[in-house]
Amino acid sequence: MTQQDGACDAPEALVGASAPGSRWSDLIETDRVHRQLYTDSAVFDEELVKVFGGESWVYLAHESQLPEANSFLSVRMGLRPVIVIRDKNGEDLHAVFNRCAHRAATVCREESGIAKSFQCPYHGWTFRNTGELVGVPWARGYDDLDKSKMGLTTVPRVESYRGFIFGTMNQDAPSVADWLGNAKPWLDYWIDRAPRGAVSVNAAAYRMGYRGNWKLAFDNAGDGYHPSFSHRSLLEMASRMGDSKDMSYFGKTPDDGPMKVYSLGNGHSVIDQRPVYDGPGSFWNNQRPQPGRESFEEAIRAEHGDDADRLLDLAIGAQINLSIFPNLLVIGNQIQVIEPMAVDRTQLTWHATTIGDVPDAVNTMRMRSQEDFPSFGEPDDQANFEEAQRGLAAPEAEWIYMNRGLGVADWQSTDESGVVVTAVTDEIHMRSYYDEWQRRMGETN
Ligand code: FES
Ligand code: FE
């Protein structure tokens, strides 16, 4: 792409400070945000404290990754190293900072496992998995050590919504269900596609890193404007070799099509691709080519007769892209986690999922579907993230625009719960998550 948005082209009527008087009003306007939000380390450091763990919830893990009593998983909450743990009773969940109370070394160096306690490899202090300090080597060397005050720091609240575990540093945060708000029915739809809602993350993660700010991934997650340009080779291949609707849909203007984006509040948004499809079996029928596709379909149809269309559709993604601010993306059948590493460095991790109560072959074919986009589509997106960060190095060109759809009156409608529905190419997802970003970053100090 060589065409550039002119920095001076924004219609004057659309430019105006949001939240007048806020400390961010110079950097966030109704229709654009300043490059500094993507390049300034001071902003990044503050985001790690306030967006990733301050007032509200951050996605940590899926319950299926903690299958039994004393299971643990090493994750990050912003940059904080955190261990999520299932209690010894096998039910409750909690999280502690993976940070020794002595001289700060991580106490757990494994990604996952089962452990009743963690012994810090540095000087051997031992902590129960609840965080209590229970052992200090050669304790006579301490004149007055109060072990009860030297435990691992705990994440004040950890809560799960139907398997999705979130943590917050705010003891008084609303419940996760309340905070998900209008995103909840979309997550429910995604979970309920699986028989009995049994979704499992039990495959190795697919990790990718890019040299760019974490928000570039969030900007893109709800973006229905880019596919026909950024993913053209994939879309054309899909149309050439299979029955995919991708190119026929995105190749023309998607502005007036049935695919929509929903602004759900609290920074969450979703792209709904389902209206492009038409009834049972159509997710399957319109999928891009997959290895083993024909023999799989033949076997499912032969063995499952009337139930075949449902099973075939379950091998394909849910046809929604749900973005839960700030770090959880539910894409197709997959969970993607955004992990900020530095102001210009991010890790993206895809977790494939399997589901219960279906023939093994359905889960095998789900893996083929789930390899598709990360292999052939995500590299296009990550190239854009890195090229956007490179473009952001020009200090004199200050603004990033998010004004597509703003003021286009016939695109948008609002339902009774305040959800705004609009054309899939509307940049409303950016405008709404920046509202939430500002709220989390606070207006003072
Ligand atoms: Fe953990 Fe010293 S840093 S025991
Ligand atoms: Fe993309």
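Read the numbers this way: they start at 1 and go in the same order the structure lists the ligands and their atoms.
Among the backbone and side-chain atoms of Cys100, no N/O/S atom is found under 2.8 Å from atom 2 (Fe) of ligand 1. At least one N/O/S atom of Asp381, from backbone or side chain, sits under 2.8 Å from the Fe ion (ligand 2).
Side-chain polar atoms of Asp223 and His429 form no donor-acceptor pair below 3.5 angstrom.
Between Tyr401 and the options Glu427, Arg32, Glu29, a side chain to side chain contact (heavy atoms under 4.5 Å, CB included) holds for only Arg32.
Side-chain contact between Asn327 and Trp214 is absent, with no heavy-atom pair separated by less than 4.5 Å.
Of all N/O/S atoms in His102, ND1 sits nearest atom 2 (Fe) of ligand 1.
The distance from ligand 1 to the heavy atoms of Trp125 drops below 4.0 Å at these ligand atoms: 4 (S). Of all atoms in ligand 1, numbered sequentially from 1 with element shown, those under 4.0 Å from a heavy atom of Arg103 are 3 (S). Within the listing of ligand 1, atoms 1 (Fe), 3 (S), 4 (S) sit less than 4.0 angstrom from a heavy atom of Cys120.
Under the 6.0 Å distance and 45° angle rule, Arg274 counts as a cation-pi partner of Tyr189.
Residue Arg109 qualifies as enclosed at atom CZ: its count of foreign heavy atoms under 6.0 Å is above 12.
Considering only non-hydrogen protein atoms, atom 2 (Fe) of ligand 1 sits nearest to His123 ND1, 2.0 Å.
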Verdict with supporting geometry, His123 and His102, side chain to side chain donor-acceptor pair (under 3.5 Å):
CA-CA 9 Å; His123 311 94; His102 178 218; 3.0 Å; yes
